[in-house]
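Starting from 1, each residue takes its place in the sequence as its number. Keep in mind that this is a model prediction, so the values were computed, not measured.
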Amino acid sequence: MITVQEHLCRIVDSVQRLPPVGLDLLEAQGCVLAQNVTSQVPLPGFRNSSMDGYAVRGADLVTASPAEPVTLPVVRDIAAGNTETLSLAPGHSMRIMTGAPMPDGADAVVPVEGTDGGLLEVSVSAPAAVGQHVRHAGEDIAVGDCVMGDGTRLGPAQIALLAAVGTGQVRVTPKPRVVIISTGDELIEPGTRPGFGEVVDSNGLMLTAAVRALDCTPVRVGCVPDDAQRILSTIQTQLLSADAVITTGGVSMGAYDTVKEVLSSVATMRFDKVAMQPGMPQGFGVLGENQIPVFTLPGNPVSASVSFEVFVAPALRLMAGRAQQETTMVTAVAAHDWAVPAGKVQFARVVLSRAHSGDGCGHTAALAGLQGSHALSSLAGANALAVIPAEVTLVRAGDHVNCHPLGPILEAP
Ligand code: AMP
Ligand code: MG
């Protein structure tokens, strides 16, 4: 038996950030930059108005007051998109729109609200401070600034900034392409009602969805029966185009545990009992010319799901150039007693709620339902895994438990 930490360390030590590729900005959403991006342009690109109003010379308005407004002729309009070089003569004004280039000579904008809104001439009843409502070229980004560093994850805001400085393509770490293979004679395709002895391949869909939720690219191969040759050839074929392979089923101690049977003779694969519940039988290794990481997860749906969270997701994040963990653990108060297996880390499916008590805001954790490793209902009803250390044998109501969130944490009713 090895510890969860030992198994995880072996995995993270064997995976690497994927080599970079060039992608169009939108295709790169969710990816991590594999370059520093330096701006060739200033942002704003030119001096422009931040208000609809009148471009003026502040010096012309120093005496303006409600009692004695100053009237200036309006020479022309400047709309956003104007590309002419304009110059404002002393004693004049130009009607200007938000984002339009400031004419040379003008040093302030009087918002339309502070005027009579005149078209041929405008009456202004207050002085204008030099620089008011003017955005300066380069005040946000200067030419030569590093606008974004290697390792930055590209979300909507990052994509907007890269687009604004004129970037079309970026070098990024691609999203790992993750092949998902379900093994078992009993498995049938999702979308069919299972007959006696049949089991729907829920693992295949769960892992496909989990890989997608992690912002990686799932490739679901489907169900392969417990046939050594078929399992081996499916894995070998998929190794040619996969960045990682996940199998489920066939790694326990049973007679038809074929995944283990076909891969345990491979020197780069290891099959271990990991001191955890659920998820004890685990296999991991690298296969093929490209040393592709292969995770052979147990078939029980909850075991497969917990194994993905605990072992596969950290590896995929590292391959994608991200941090191994992206969520922080939440400490909660156990809402009731529950039993814990001796000598194993328990990953209990819990409902984690935010609770208000006398001493402020805290969290509570209550078991989500039947805890067997086959019980999908409690997995679907849980929003966290309470991680109970191996030395604990009983959780008592009121104990502090460490929880790994799986979804949003709601207010307790
Ligand atoms: P195994 O790990 O192959 O011994 O399977 C353990 C349990 O998980 C058995 O009850 C299987 O029927 C079930 N199981 C295996 N693979 C899947 C799958 N892809 N989807 C749902 N249940 C599965
Ligand atoms: Mg099986």
- Task: Compute whether any side-chain donor of one residue and acceptor of the other, for N203 and S182, lie under 3.5 angstrom apart.
- Result: no

- Message: Is it the case that the side chains of Q282 and D272 hold a donor-acceptor pair, with the cut-off being a distance below 3.5 Å and no angle test?
- Response: no

- Hey, does the side chain of Y54 reach the backbone of G117 with a donor-acceptor pair shorter than 3.5 angstrom? yes

- Are side-chain N/O atoms of R17 and T173 paired as donor and acceptor at under 3.5 Å? yes

- Message: Looking only at side-chain N and O atoms, does Q371 offer a donor or acceptor that is under 3.5 Å from a partner on W338?
- Response: no

- Does any N or O in the side chain of R95 come within less than 3.5 Å of the main-chain N or O of A79, such that one atom is a donor and the other an acceptor? no

Which atom pairs, one a donor and one an acceptor, fall under 3.5 Å between side chains of residues 152-162 and the rest of the protein, sequence neighbours left out?
unit_1	atom_1	unit_2	atom_2	d
T152	OG1	G149	O	2.6
R153	NE	G30	O	2.8
R153	NH2	D215	OD2	3.1
Q158	OE1	G155	N	3.0

- Message: R349 vs S378, test: side-chain hydrogen bond (donor to acceptor under 3.5 Å, both in side chains). Steps then yes/no.
- Response: CA-CA 7 Å; R349 284 144 272 167; S378 54; 2.8 Å; yes

- Query: Would you say D116's side chain and G118's backbone share a donor-acceptor pair under 3.5 angstrom?
  - Reply: yes

- Query: Distance only, no hydrogens: is a donor on one side chain within 3.5 Å (strictly under) of an acceptor on the other, for D145 and S39?
  - Reply: no

- Task: Please determine, by modelled atom types, if T217 and R177 share a side-chain donor-acceptor pair under 3.5 angstrom.
- Result: no

- Item | Separation between CG of D150 and CZ of R171, rounded to the nearest 0.5 Å | 10.5 Å

- Item | From CG (L207) to CG (L214), nearest 0.5 Å | 11.5 Å

- Task: With C403 as reference, evaluate T331, L385, V350 under the side-chain contact (heavy atoms from CB on, under 4.5 Å) test and give the passing residue.
- Result: V350

- Task: Look up atom CE in M276 and atom OG1 in T3, then write down how far apart they are to the nearest 0.5 Å.
- Result: 11.0 Å

- Task: Could you name each residue pair satisfying side-chain hydrogen bond (donor to acceptor under 3.5 Å, both in side chains) that touches residues 391-406, not counting sequence neighbours?
- Result: E309-H404

